[in-house]
**Q** 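Take this structure first; my questions come after.
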Amino acid sequence: MSVRSLLTTGLLATAALASPAGYGNTVTLTATKEVTKYSTLTVTKAASCSADPVSTSHSTSTSHSTSHSTSTSATHSSSAISTGSVGSSSASSSPTTTTTSASNTNPSTTILATATATGFGLNDAAKAAGKLWFGTAADIPGTGEPEDFYYMQEFNNTHDFGEATPANIMKFMFVEPEQGVFNFTGPQEFLDVAHATDKYVRCHNLIWKSELPTWVTAPAVPWTNATLSAVIYEHVYNIVEHFGDQCYSWDVVNEAFADSPAGSYDNSSIFYDVIGPAYVVEAFQAATDAVRNNSLSVKLFYNDYNIEYLGNKSSAAQALVSDLKARDIQIDGVGLESHFIVGETPSQASQEANMRAFTALGVNVAVTELDVRLPLPPTAADETQQVADYYSTVAACVAVDGCIGVTVWDFDDTYSWIPSTFAGQGYGDLFLQPGGANTPLVKKAAYDGCLEALTGAAESSP
Ligand code: XIL
């Protein structure tokens with residue numbers, strides 16, 4: 001059985017246990033996760049990148065060694081966590097291992113870790129492939145994440161993450177909780193945390209039907225086209241102007257189109273209800289005015305789901321891009337959310353064709369909210385399929401020049417939005433915490449699927 005098989009069946013996973021000394025000189029520790037319920041088989045996957053396989057001059061996605069994700073070594077039967085020596089003196093040497101003991105808080109799980117001297121990761125690989133980033137959404141300030149040492153350590157790991165998207169804190173209800181009263185404190189905290197590790201930030205989002213304050217959804221005096229248009233303009237203009245180029249981009253309008261009939265405007269939005277389709281144009285006009293009046297560089301994006309493959313909804317988004325351009329309104333890119341269901345992810349070819357349909361219009365695309373959910377508990381077959389689904393999505397972005405990067409919608413199952421949104425589903429992210437919140441993170445096979453896609457390696461057969 002290959003390591004990949006073990007990974008995808010849940011017998012093995014790689015752990016991202018970095019030095020508590022913190023971010024900056026981190027090493028990635030690869031580990032074996034031995035889940036006792038599966039079998040007595042115990043194998044250690046060593047050195048996920050035993051030596052830096054990509055030179056700093058590497059600029060294509062075609063020649064990267066696959067050894068980082070497939071090498072195996074000794075068989076372990078110990079239940080200790082082994083952590084590697086950390087420090088620049090060992091940075092170019094083969095992995096060395098020292099052993100320390102630590103007990104995992106989950107009695108059914110044992111982690112065996114082997115240190116490597118390099119932290120080559122998803123963001124490193126994305127940049128080597130010519131992308132701007134591999135990134136993640138996060139709730140900071142949030143619901144426990146900032147207090148979770150291990151979560152924050154991985155969030156701060158620039159080898160894996162070079163971009164961050166606020167999952168909630170920049171949404172309308174938080175930024176303008178009362179009309180004309182703006183609260184920039186939480187968003188600024190997010191920006192400061194992300195910028196502390198030099199991340200790009202995709203600011204998200206300005207106008208969406210959800211997470212609105214009640215003063216918008218249930219006004220004391222019913223909105224008219226004019227009064228609600230003024231609300232949009234003030235909200236968008238003030239926020240874009242305030243944060244300026246601290247944001248790499250803004251998702252100006254989120255999810256304006258419906259699934260049924262596909263490509264029609266979503267008429268459950270109060271903005272559509274009162275203003276009609278013009279609300280989208282008005283929001284982009286306000287953002288454009290803020291950018292131009294302040295000579296900003298911030299990019300303006302439209303962001304949606306079920307536009308990751310060709311079809312009526314994607315066509316509607318393409319038509320929106322053309323319409324905004326015809327009006328001389330700024331639109332730089334389209335965000336392809338990519339909240340996929342295991343086994344139902346569009347093929348790589350399908351995603352590539354769709355991306356090219358957008359880039360042909362003169363805009364970039366980005367994979368903005370990638371996760372692949374599956375029914376709980378996970379089966380080996382679903383885990384294997386999940387690797388393929390992550391691979392095809394990331395590989396599509398790698399293959400299309402105008403795709404600037406991939407962002408996952410959080411990286412740790414502990415904080416994923418999936419279980420609370422889709423009953424009975426989960427396991428959608430790249431890491432998990434076997435011991436629960438504030439315990440070490442473990443990489444899933446899906447992580448390796450992403451890394452293989454980014455490095456141009458063929459997906460390992462499970
Ligand atoms: C989600 C957040 O992750 C949840 O915490 C929140 O309760 C609802 O919104 N598409 C988007 C994101 O554009 O803003 C959504 O985020 C997920 C779907």
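Residue numbers run from 1 in the order of the sequence given. Ligands are counted one by one from 1 in listed order, and the atoms in each one are counted from 1 as well. All values below come from the heavy atoms of this structure, side chains included, with hydrogens, waters and symmetry mates left out.
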**Q** For a quick check: using heavy atoms under 4.0 Å, what are the residues in contact with ligand 1, sorted by chain and number?
**A** Asn168, Lys171, His204, Trp208, Glu211, Asn254, Glu255, Asn303, Glu337, His339, Glu369, Trp409, Trp417
**Q** Name all pairs fulfilling the salt bridge (charged side-chain N to carboxylate O under 4.0 Å, His left out) condition that reach into residues 321-336, sequence neighbours left out, sorted by first residue then second.
**A** Arg292-Asp328, Asp323-Arg327
**Q** Scan side-chain atoms only and decide if Asp160 and Tyr447 contain a donor-acceptor pair under the 3.5 Å cut-off.
**A** yes
**Q** Is there any salt bridge (charged side-chain N to carboxylate O under 4.0 Å, His left out) pair reaching into residues 293-312, and which pairs are they, with sequence neighbours excluded?
**A** Asp304-Lys313
**Q** Kindly confirm or rule out a cation-pi arrangement of Lys444 over Tyr427, judged by NZ or CZ under 6.0 Å from the six-membered ring centre and within 45° of its axis?
**A** yes
**Q** Using only heavy-atom distances, determine whether the side chains of Tyr237 and Asn293 contain a donor-acceptor pair under 3.5 Å.
**A** yes
**Q** Not counting sequence neighbours, list each pair that qualifies as a ring pair (Phe, Tyr, Trp, His ring centres under 6.0 Å) and has a residue in residues 358-395.
**A** none
